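Okay, so here's the structure we're looking at.
These numbers were taken from a predicted model, which means no experiment stands behind them. Every chain is numbered from 1 and lettered A, B, ... according to where its sequence line falls, protein lines coming before strand lines.
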Amino acid sequence: MTNRITPLKYKYNQLLFPTPPFNFEGTVHKPSHFPSSDNSYKNGKCRFSLRYQDRTLGIGLSNLGTTYKPKIRLTTFSSKKLSNSLLESIRAEIEFRFDLGVDLKEFNKICRRDSVLKPVLKRWIGTRVSNGNSLYEFMVIATVLQNATVKRSVQMIENMFKRFGARISFDGERLSAFWPPDSIDNASEEELRALKLGYRVTMLKRQAHSLITGEIDENQLRLLSSSDLKIKLLELYGIGPASVWYLLFEVFKRYDAFEYISPWEQKIYSRLLFEKDLVDPKIILDEVNTRWGKWKMLAAHYLFEDLFWQRKTQHIPWLEELIRL
DNA sequence: CATCAGGGCCCTG
DNA sequence: CAGGGCCCTGAT
């Protein structure tokens, strides 16, 4: 266990040019995601820890552009010097994880014709599906989400950060960083149980193990068609019908990955799309399919995040009840 | 004090 | 394919 904080004193700037139109804030900060100590968003600046090629790095993203002339400053912080080729591959990885290269013209056209999304698009045009986490990290997140309230999920992931993660400081922030998977693989069951992970311990251990054996190769998986990818992801221990859509969408940017609705999401979509308390999941799924087709999950994401942004400035009682922080 | 569901999944019959 | 069990917590 390391409570020691590692300062990342080397810093490298690069410029990123997302495809226009681009929305910086909507892309780098997702208010519907639960808060955790590996990332922060303050004063328009996004910072997070990045475990990449066995290094623990700090990343800063800040906006230097406008919606139609997008430009981002990517700053990579490290405790050791980094080579140009490594910096280049970090840049490419960040561009992928934040989906900076996608062309959303067709999606925007569909949104403008849609009564529900039209006003939402006005606020968030250019927003990407984005996630700073690797597949492995997102599997961990999906696992701690299972059968738990948000508060408990946060408790579980923070317990894991404390026990297995690193602490880094850079750019005036102190953040946690994910652990190398073998530390979970080597940990004893009792040790993990002590972190109040419950029955998820088996899943977390098997996931870490399949990563270090090379059974999971994220870069290879990115090349698969969505249907093949879905089959592969469902083979991962602990990934079932609810989690697989999160992975397909957030990690692999498959914009149509919307085939399953969990009960709390069902309530939210019932409100947003039908102005009712509870609509049958199948009806919701049919509705989003006819409305938004192959862009249905991205469209739903816009609705969802827009709602959670509203929550920051106004009290939405029915939503508070569902979130149960 | 007990019981139960929660932002599921696996395993069994 | 339906249903039980699973870690833990907080609500009732």
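- The pair A:Lys230-A:Glu259 does not meet the salt-bridge criterion, since no charged nitrogen lies less than 4.0 angstrom from a carboxylate oxygen.
- With a 6.0 Å cutoff to the six-membered ring centre and a 45° limit on the axis angle, A:Arg123 does not count as a cation-pi contact of A:Trp309.
- Below the 3.5 angstrom threshold, one finds a donor paired with an acceptor across the side chain of A:Arg152 and the base of C:dC7.
- Distances shorter than 4.0 Å separate none of the side-chain N or O atoms of A:Lys151 from OP1 or OP2 on C:dT9.
- Note on A:Ser243: a side-chain N or O is less than 4.0 Å away from OP1 or OP2 of B:dC9.
- In this structure, A:Leu236 reaches the sugar-phosphate backbone alone: every heavy-atom distance under 4.0 Å involves primed, P, OP1 or OP2 atoms, never a base.
- The same atom, P, is picked in C:dT12 and in B:dG7; the two are 14 Å apart, to the nearest Å.
- Listed pair A:Asn147 / B:dG8 meets the phosphate criterion, a side-chain N or O lying under 4.0 Å from OP1 or OP2.
- Annotation: B:dC1 and C:dC7 have their P atoms spaced 24 Å apart (nearest Å).
- Between the base of B:dG8 and the side chain of A:Tyr260 there is no donor-acceptor pair shorter than 3.5 Å.
- Ionic pairing of A:Asp103 and A:Lys105 is present here: one or more N-O contacts between side-chain nitrogen and carboxylate oxygen are shorter than 4.0 angstrom.
- Closest to the A:Lys196 side chain, of the nucleotides C:dC7, B:dG8, C:dC8, is C:dC8.
- A close approach under 4.0 Å does not occur between any side-chain nitrogen or oxygen of A:Gln146 and OP1 or OP2 of B:dG6.
- Electrostatic pairing of A:Arg51 and A:Glu137 does not count as a salt bridge here, judged by no charged N lying under 4.0 Å from a carboxylate O.
- Base pairing annotation: C:dA2 forms a Watson-Crick or G-U wobble pair with B:dT12, both donor-acceptor distances under 3.5 Å.
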